[in-house]
S.K.: 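Sharing a structure with you now.
In what follows, chains carry the letters A, B, and so on, assigned in the order in which the sequence lines appear, proteins first and then strands, with residues in each chain numbered from 1.
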Protein chains: 2
Amino acid sequence: MALAHAIMTALIEDDLSGYELSRDFETSLGFFWNASHQQIYQELRKLAEKGWLNKREVNQSGKPNKIVYGLTMAGRDALQAWVFGTTRTQAAKDELLVKLYNLDATNVSHLATEISRRREDMMKLLYLYETIRRRHYADTANLPVRRKGVYLALAYGISQGEHFLAWCDQALELLAGVESA
Amino acid sequence: MALAHAIMTALIEDDLSGYELSRDFETSLGFFWNASHQQIYQELRKLAEKGWLNKREVNQSGKPNKIVYGLTMAGRDALQAWVFGTTRTQAAKDELLVKLYNLDATNVSHLATEISRRREDMMKLLYLYETIRRRHYADTANLPVRRKGVYLALAYGISQGEHFLAWCDQALELLAGVESA
DNA sequence: AACAAATATGCAACCTTTTGCATAAAGGCG
DNA sequence: CGCCTTTATGCAAAAGGTTGCATATTTGTT
């Protein structure tokens, strides 16, 4: 039930609508726990039924009205209980690495292209990470406690991303050798 | 349909039974695409029905009989077609990082313990990776082409794993500071 | 008035994955 | 003989996730 808890995590400091949550996920929690808007809306209703979230409709001018959700006390308790529970390691599933097991003379250039594409995607993501870090997490030592946790998650993303780039370079070099052989 | 293709990938060089595949996944392809035996057996039957695998029963003495699967020509073609298709990036889903967004004075020592546990797990995995690398991929330059691809996947696992350890150390240091504050 | 874009929420079908259970053959041990 | 372990295969229910579609409001543009 990690999606439920990811959503509640996003609501710790602010009450948000499904649309806003969906947006926020793209530039924060979604780095570490992805969710489509369909999933989010459905889960929000379930959590409200369970009593872990409260909902209220907010009338807006200039935009359609929205339904804003906030954590209840029961929700906060459930969230803390989850933090203290056992954490499961999600095994990485990466098609690209499985495809590399299929490397041969016919597909080497295609796989090199795919790695280049992934390298570019990661560059963009790293740029986003770095922007966020500079804007919100520059003064690491003086961050409030919870934000230090968020900072660590971001640091994880940056570290893994940077070394992914290095691996891409190594892989592309090796594949170039195979191609020209 | 990546599981289907991961299974076919595991059958490129050898015909294997579901049990053997399940075993092999734990020390090779499973690093990058996990699968339970329930999933594997079911998928094997589907692939055989589709004509991508052939099956034959093998009588064994000293053990129960087994059903061995091998790639058909159609299966090899489908596998190559998949390699050339678009590759999707599987977003990382990691509960531990979501939990870090919940960092506060009450859970900081628990989260530090969780990170330590993950660090130990990664140490064990890295030891396994390194053993495999030394045993089978030491002479990188002279590997056959396909094995160079497998080597790159392994190198990916080792690189990401090593830097995960470094991140754990950084995180534990920061959390120790929070705890004593 | 027609149309596009952003905001906002949702249904339903399908596919994938997890979980728990079930079965059976063969060998080793007490 | 009874029991445990390894080898070997499978069913079925539930949970989780993806894909495609559907709808409505409001503002801004042509």
S.K.: If you look only at pairs with a residue in residues 116-126 of chain A, which of them pass as a side chain to side chain donor-acceptor pair (under 3.5 Å), with sequence neighbours excluded?
M.R.: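 Listed by first then second residue: A:Asp94-A:Arg118, A:Glu114-A:Arg117, A:Arg119-A:Asp169.
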
S.K.: C:dT19 P sits how many Å from B:Asn34 CG, rounded?
M.R.: 12 Å

S.K.: Quick check for you: name the first and last nucleotides of DNA chain D, 5' to 3', having an atom under 4.0 Å from a heavy atom of chain B.
M.R.: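 Boundary nucleotides touching chain B, in 5' to 3' order, are D:dT7 to D:dT19.
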
S.K.: Apply side-chain hydrogen bond (donor to acceptor under 3.5 Å, both in side chains) to A:Glu173 and list each qualifying residue two or more places apart in sequence or on a separate chain.
M.R.: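 Applying side-chain hydrogen bond (donor to acceptor under 3.5 Å, both in side chains) to A:Glu173 gives none.
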
S.K.: Going by heavy atoms in the side chains, are A:Leu111 and A:Val108 under 4.5 Å from each other?
M.R.: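 A side-chain contact is absent here, since even the closest heavy-atom pair is not under 4.5 Å.
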
S.K.: With sequence neighbours left out, write down each residue that passes side chain to side chain contact (heavy atoms under 4.5 Å, CB included) with B:Glu57, or none if nothing qualifies.
M.R.: B:Asn65, B:Ile67

S.K.: Heavy-atom contacts under 4.0 Å between residues 78-96 of chain B and DNA chain D, which residues?
M.R.: B:Arg88, B:Lys93

S.K.: Not counting sequence neighbours, list each pair that qualifies as a ring-ring contact (aromatic ring centres under 6.0 Å, His included) and has a residue in residues 41-85 of chain B.
M.R.: A:His110-B:Phe84, B:His5-B:Trp82, B:His37-B:Tyr41

S.K.: Going by atom types alone, do B:Thr72 and B:Asn54 pair a side-chain donor with an acceptor below 3.5 Å?
M.R.: no

S.K.: Check whether the side chains of B:Gln90 and A:Glu95 place a donor and an acceptor atom closer than 3.5 Å, and report yes or no.
M.R.: no

S.K.: Indicate the atoms forming the closest heavy-atom contact of A:Asn34 with B:Ala91, along with that distance.
M.R.: ND2-CB, 3.6 Å

S.K.: Restricting to side chain to side chain contact (heavy atoms under 4.5 Å, CB included), what partner residues turn up for A:Ser17, sequence neighbours left out?
M.R.: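 If we apply the side chain to side chain contact (heavy atoms under 4.5 Å, CB included) test to A:Ser17, skipping adjacent residues, the hits are A:Tyr19, A:Glu20, A:Lys66, A:Val68.
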
S.K.: Please determine whether a side-chain nitrogen or oxygen atom of A:Gln38 lies at a distance below 4.0 Å from atom OP1 or OP2 of C:dT9.
M.R.: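 Checking A:Gln38 against C:dT9: no side-chain N or O falls below 4.0 Å of OP1 or OP2.
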
S.K.: Filter on ring-ring contact (aromatic ring centres under 6.0 Å, His included), then keep only pairs touching residues 162-181 of chain B, sequence neighbours left out; what's left?
M.R.: A:Tyr156-B:Trp167, A:His163-B:His163, B:Phe164-B:Trp167

S.K.: Listed in order of residue number, which residues of residues 11-22 of chain A have a non-hydrogen atom at under 4.0 Å from DNA chain C?
M.R.: A:Ser17, A:Gly18, A:Tyr19

S.K.: To the nearest Å, give me how far apart NZ (A:Lys66) and P (C:dA6) are.
M.R.: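 In whole Å, C:dA6 P lies 18 Å from A:Lys66 NZ.
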
S.K.: Side-chain contact test, heavy atoms from C-beta onward, threshold under 4.5 Å: evaluate it for A:Asp24 versus A:Leu29 and give yes or no.
M.R.: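 Side-chain contact under 4.5 Å: no.
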
S.K.: Return the set of residues passing salt bridge (Lys or Arg N to Asp or Glu O under 4.0 Å) with B:Arg23 (not counting sequence neighbours), or none when no residue passes.
M.R.: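 Partners of B:Arg23 under the salt bridge (Lys or Arg N to Asp or Glu O under 4.0 Å) test: none.
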
S.K.: Who are the salt bridge (Lys or Arg N to Asp or Glu O under 4.0 Å) partners of A:Glu26, not counting sequence neighbours?
M.R.: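 Once residues adjacent in sequence are excluded, A:Glu26 has no partner under the salt bridge (Lys or Arg N to Asp or Glu O under 4.0 Å) criterion.
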
S.K.: Between P on C:dC15 and CD on A:Gln39, what's the gap in Å once rounded to a whole number?
M.R.: 18 Å

S.K.: Please tabulate the protein-to-nucleotide N/O contacts below 3.5 Å involving nucleotides 22-27 of chain C, giving atom names and distances.
M.R.:
none

